[in-house]
> 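There's a structure below that I have some questions on.
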Amino acid sequence: MVDDPRATVLLRRFATLKTQRQHWESHWQEVADYIVPRKADITKKRTSGDKRSELIFDGTAIHAAELMAASLHGMLTNAATPWFSMRYEDAELNGDDEAKEWLEGATDVMYQHLARSNFQEQIHELYSDLVTFGTAVIFIETDNDNGVRFSTRHIAECYVSENEQGRVDTVYRKYKTTARAAVRQFGQDKVTNRIQKLNTDDPYAEIELLHVVMPREDRNRRKKNNLNKPFASIYLDHEEKMIIGESGYDEFPYCVPRFLKASFEQGYGRSPSMTALPDTKMINKMSEVVIRAAQLQIQPPLMVPDDGFMLPVRTTPGGLNFYRSGTRDRIEPLNIGANNPLGEQQLEQRRTAIRAAFYVDQLILGQGPQMTATEVIQRTEEKMRLLGPVLGRLQAELLQPLINRCFEILVRQKKFAPAPESLRDGSIDIEYVSPLAKAQRSGDIQGILQMIEFLMPLMQIDQGIVDYLDFDGLAKHIIKVTGTPAAVVRGDGQVAGIREQRQQAQQAEAQMAATSQMAEAAGNAAPALRAVDDTQVDLEQILGAAQ
């Protein structure tokens, strides 16, 4: 069989990526051995169900990593609370009530499809990979039933490359599947002869395939078919060096966040587990020693005279040991001089260092007996703000591309209501309203409340100070920071209409008051006018009699 030239080029690039990644693999394997043993099969090849905890004598690092992954999940993508919203880049559209309600309706549709999909389970797996390996990979694809489907890939399968902007845009994934599944996915006539034969002889036999997703440089932008989409999707049988399937994606289907990343390192990131690895290895070795020392104290070695005793020595409860009568020889324990409190003190120091590496102090709030609710809230927000650098990178490399990808998939599936004509060209921006994101912005509201508190005494002296405050802008800013839903907030048009009606009502009320005052004044003047008229009649009668 003649090799496919395109497959040969792709496999040559794959070899380069493998060379670039090999220095990370031993590091990942060591991290997995001590902190996430269920995934400790990067350089070691283990069978399913194999026992993988033979190196672990202390579970502090394992529990701390699980706590941090669960906390990131709860603070960033909690299913019970909104964690993102959408808004328009155009300020006028953000003030339009119809436009805001349509966008909030689209946001609700996205939440519904995320809830119906496997997002929650897969995103938690991603956080676990992120905390341990420093690099996590999640694949987002179209699902006919639930709209979208997610799959977190093990880092051992993935080889990545960055573009000129430092963002991952190429993923080579080497994975195992069965011959039967490959034939069902690609078709009998597309797979190689090797896979066809395996499917006939042993359809459940495992084979290795290579899936390549990368930017497509030589596409025809005028054509809208799968072979001319912005990102290429190519499946290869790398043993036969043949392409067995090719398609494309409109957006990059992978999200590859890194927890921390050195500026001079390409592709992969570093994690809290790597920071805690020296202490983790030390505490496991120390725990092994302390356990042995405790065992020696509980069941110490015995000193037995070399003569006069019947062996074996029985140490079981009620055991009988015979010795020569008339001698002073006895069985005595050997004092090894172990100092268990010192060992426990050293272990606790290492545990504290491991918890600090995993931000346990920031994730768990120690509440004192004298703390008020306000103090608890303030301390919680302060601790969350310490995770600001982590939030910034995750927003750029995980949340934003993930939301964009899901939005575009649902648009193509026509899951959203028809947009008004005024929104056809409106660009949409993403706003994060998770508890962690709100904690980053909560300082603004605290500053506003503090400013109002300072100005209140001055307002009693001079009312003109109020002129410095833009209450409309203040209300909009608080609504934005707190992430208040558009359904409970009126748009600029509605507010203007309400104010106009209020002004008209006030003008009508003032006009009625003025009319009433004029009528009252006229009523008070009527008796005087009648008196003047009567006086004038009397004068006319007197003058007439005189003539």
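Hydrogens, waters and symmetry mates play no part in the numbers below; they use all other heavy atoms, side chains included.
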> Looking at E157 and K176, is there a salt bridge between them, counting it only when a charged N and a carboxylate O are closer than 4.0 Å?
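Between E157 and K176 there is no salt bridge, as every charged N stays at least 4.0 Å from the carboxylate O atoms.
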
> Could you tell me whether R194 and D237 make a salt bridge, using a distance below 4.0 angstrom between a side-chain N and a carboxylate O?
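Here R194 pairs with D237 in a salt bridge, since their nearest N and O are under 4.0 Å apart.
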
> Between E246 and R6, is a salt bridge (Lys or Arg N to Asp or Glu O under 4.0 Å) present by the stated rule, with each step listed?
CA-CA 12 Å; E246 184 173 3; R6 293 179 60 209; 3.0 Å; yes

> Short question: side chain of N146, backbone of V148 - any donor-acceptor pair under 3.5 Å?
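Not at all, since once roles are kept as given, no pair shorter than 3.5 Å links the two residues.
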
> Could you report the tightest heavy-atom contact between L55 and N284, atom names first, then the distance?
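Of all heavy-atom pairs spanning L55 and N284, the closest is O-OD1, 3.6 Å.
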
> Is P203 close to T178 at the side-chain level, that is, under 4.5 Å between some pair of heavy atoms?
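Side chain of T178 against side chain of P203, heavy atoms only: no contact under 4.5 Å found.
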
> Is the CZ atom of R412 crowded by more than 12 outside heavy atoms at less than 6.0 Å?
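Enclosed: over 12 neighbouring heavy atoms sit under 6.0 Å from CZ of R412.
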
> Would you check if T135 and D129 make a side-chain contact, meaning some heavy-atom pair closer than 4.5 Å?
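When only atoms from C-beta onward are counted, D129 and T135 do not touch, as no gap falls below 4.5 Å.
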
> Of the non-hydrogen atoms in T132 and A65, which two are nearest, and what is the gap between them?
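Answer, listing the atom of T132 first, then A65: CG2-CB, 4.4 Å.
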
> Which heavy atom of V168 sits nearest a heavy atom of F252, and at what distance?
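Scanning both residues completely, I find the closest heavy atoms to be O-CE2, 3.3 Å.
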
> Tell me whether S128 contacts the main-chain N or O of H124 through its side chain, where contact means a donor paired with an acceptor under 3.5 Å.
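Side chain of S128 to backbone of H124, a donor-acceptor pair under 3.5 Å: no, none is there.
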
> Using a 3.5 Å distance criterion without hydrogens, assess whether the side chain of D41 forms a donor-acceptor pair with backbone atoms of K44.
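Judged by distance alone, no pair lies under 3.5 Å.
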
> If you count heavy atoms of other groups shown closer than 6.0 angstrom to CG of N225, is the number above 12?
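Buried by this count: over 12 neighbours within 6.0 Å.
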
> I'd like to know whether R351 forms a salt bridge (Lys or Arg N to Asp or Glu O under 4.0 Å) with D279, so could you lay out the CA-CA distance, the side-chain angles of the two residues, the decisive distance to 0.1 Å, and finally the verdict.
CA-CA 8 Å; R351 292 189 182 105; D279 287 319; over 6 Å; no

> More than 12 foreign heavy atoms under 6.0 Å from CZ of R184: is that the case here?
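Not buried by this count: 12 neighbours or fewer within 6.0 Å.
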
> What's the verdict on salt bridge (Lys or Arg N to Asp or Glu O under 4.0 Å) for E162 and R167, showing C-alpha distance, side-chain angles and the deciding distance?
CA-CA 5 Å; E162 297 177 348; R167 301 292 185 225; over 6 Å; no

> Do N228 side-chain atoms and N220 backbone N/O form a donor-acceptor pair below 3.5 Å?
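Yes; at least one donor-acceptor contact below 3.5 Å.
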
> Listed by chain and number, what are the side chain to side chain contact (heavy atoms under 4.5 Å, CB included) partners of R393, not counting sequence neighbours?
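R258, K261, E397.
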
> Would you check if the side chain of Y111 reaches a backbone N or O of F84 as a donor-acceptor pair within less than 3.5 Å?
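Looks like yes, one N/O pair under 3.5 Å.
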
> Please confirm whether Y268 and F133 have ring centers closer than 6.0 angstrom.
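Not under 6.0 Å, so no.
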
> Between Y88 (side chain) and A99 (backbone), is there a donor-acceptor pair under 3.5 Å?
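Judged by distance alone, yes, a pair lies under 3.5 Å.
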
> For S233 and G248, indicate whether the former's side chain and the latter's backbone hold a donor-acceptor pair under 3.5 Å.
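Such a contact is absent between S233 side chain and G248 backbone.
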
> Knowing that exactly one of N193, D201, T200 qualifies, which makes a side-chain hydrogen bond (donor to acceptor under 3.5 Å, both in side chains) with K197?
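Checked N193, D201, T200 against K197; only one passes side-chain hydrogen bond (donor to acceptor under 3.5 Å, both in side chains): D201.
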
> Hey, is R149 close enough to E121 for a salt bridge, meaning N to O under 4.0 Å?
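A salt bridge is absent here (no side-chain N lies under 4.0 Å from a carboxylate O).
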
> Looking at H113 and V109, would you say the former's side chain and the latter's main chain have a donor-acceptor pair under 3.5 Å?
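Checked: pair present.
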
> Using atom types as modelled and distance alone, determine if a side-chain donor or acceptor of T152 lies under 3.5 Å from a backbone N or O of Q122.
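At least one qualifying donor-acceptor pair exists.
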
> Suppose we call two aromatic rings close when their centres sit under 6.0 Å apart. Are F139 and F150 close by that rule?
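No.
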
> Apply the salt bridge (Lys or Arg N to Asp or Glu O under 4.0 Å) test between D33 and each candidate in K281, R46, R38, K39; give the one that qualifies.
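Going through the options one by one, the only one that passes is R46.
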
> Under a 4.0 Å threshold between the charged nitrogen and the carboxylate oxygen, would K229 count as salt-bridged to D250?
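Answer for the salt bridge query: yes.
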
> Return yes if some donor-acceptor pair links the side-chain N/O of E251 with the main-chain N/O of N404 below 3.5 Å, else return no.
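Judged by distance alone, no pair lies under 3.5 Å.
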
> What closest approach, in Å, do P37 and I56 show between heavy atoms, and which atom pair accounts for it?
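Taking every non-hydrogen atom into account, CG-CD1, 3.8 Å.
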
> Can you tell me how the ring of Y235 sits relative to the ring of H211, calling it parallel under 30°, perpendicular over 60° and tilted otherwise?
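It falls in the parallel class, under 30°.
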
> Would you call R405 and E141 a salt bridge, taking side-chain N to carboxylate O under 4.0 Å as the test?
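No, R405 and E141 are not salt-bridged.
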
> Any salt bridge between R87 and E104, counting N to O under 4.0 Å?
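Looking at E104 together with R87, the answer is no, because their closest N to O distance does not fall below 4.0 Å.
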
> Out of the candidates V171, I409, V213, only one should pair with P253 under the side chain to side chain contact (heavy atoms under 4.5 Å, CB included) rule; please name it.
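For P253, the side chain to side chain contact (heavy atoms under 4.5 Å, CB included) check succeeds only for V213.
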
> Looking at K190, I want to see if its NZ is surrounded by more than 12 non-hydrogen atoms of other residues, nucleotides or ligands under 6.0 Å.
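Counting other residues, nucleotides and ligands, NZ of K190 stays at 12 neighbours or fewer.
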
